[in-house]
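Notes follow the structure.
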Amino acid sequence: MTDSAQHRAETTHTKLEHSARVMKASAVEQVDSADHRTELAADRTVLAAERTYAAWMRTGLAALASGIGARALLDGVVADWLIVSTGCLIVLFGGFCFVTAVWRELLPDIRPRPAMRRLPAWLFISVNGFLVLVSIAAFVGLLTID
């Protein structure tokens with residue numbers, strides 16, 4: 001082999017070696033990037049579950065207020081039995097929303113584990129349990145109003 005051919009072979013070998021190192025580093029970066037995107041997706045799932053919980057809570061609170069307000073709003077407009085039944089149905093729907101909010105919040109088992117901490121289950125259960133009791137009290141109150 002001539003010196004010129006040997007030099008070209010060594011140059012080609014050096015270029016291939018450098019290219020292999022660059023590709024290996026790039027592959028490691030891609031794997032790290034994919035893992036990071038997966039972790040971020042898990043965090044977004046936690047935040048989406050919290051937004052869903054908030055939506056159920058808003059709906060439940062609006063229904064509770066609407067059911068209680070139905071008496072004052074509809075008094076003298078429609079029959080009393082219709083006012084009571086409508087108010088009770090709306091208040092019961094509010095209670096349903098409070099129970100569903102907890103159920104939906106505690107349901108997701110997010111994989112991989114998100115980096116952000118979720119709110120504790122006891123907090124959801126205690127707050128929503130109280131609101132269910134308020135809904136029951138409003139329901140009974142609507143039934144007993146003369």
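I68 and L82 are members of different hydrophobic clusters when ILVMFWY side chains are connected at heavy-atom separations under 4.5 Å. Under the 4.5 Å side-chain contact rule for hydrophobic residues, V84 and L89 do not share a cluster. Taking hydrophobic clusters as Ile, Leu, Val, Met, Phe, Trp and Tyr residues chained together by side-chain heavy-atom distances below 4.5 Å, L143 does not share a cluster with L133. The hydrophobic cluster containing F130 also contains V91, counting ILVMFWY residues as joined when their side-chain heavy atoms lie under 4.5 angstrom apart, directly or transitively. Linking ILVMFWY side-chain heavy atoms closer than 4.5 Å, directly or via other members, places F96 and M57 in two distinct hydrophobic clusters.
Listed by first and then second residue, the side chain to side chain donor-acceptor pair (under 3.5 Å) pairs that reach into residues 121-139 are Y53-N128, sequence neighbours excluded. Sorted pairs that involve residues 65-95 and meet ring-ring contact (aromatic ring centres under 6.0 Å, His included), not counting sequence neighbours, are lacking altogether.
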* Go through V127 and V102 one step at a time and tell me if the side chain to side chain contact (heavy atoms under 4.5 Å, CB included) criterion holds. => CA-CA 9 Å; V127 167; V102 170; over 6 Å; no
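Side chains of E105 and T52 form no contact here, defined as non-hydrogen atoms less than 4.5 Å apart. For the pair D75 and D80, the minimum side-chain heavy-atom distance is below 4.5 Å. Using a 4.5 Å cut-off on side-chain heavy atoms (C-beta onward), L64 and I90 make no contact.
The distance from atom CH2 of W103 to atom CZ of F124, rounded to the nearest 0.5 Å, is 15.5 Å.
Nearest heavy-atom pair across A70 and I83 is O-CG2, 3.9 Å. Between L142 and G67, the shortest heavy-atom contact is CD1-O, 3.7 Å.
For L61, the side-chain contact (heavy atoms from CB on, under 4.5 Å) partners at least two apart in sequence or on another chain are F98, L131.
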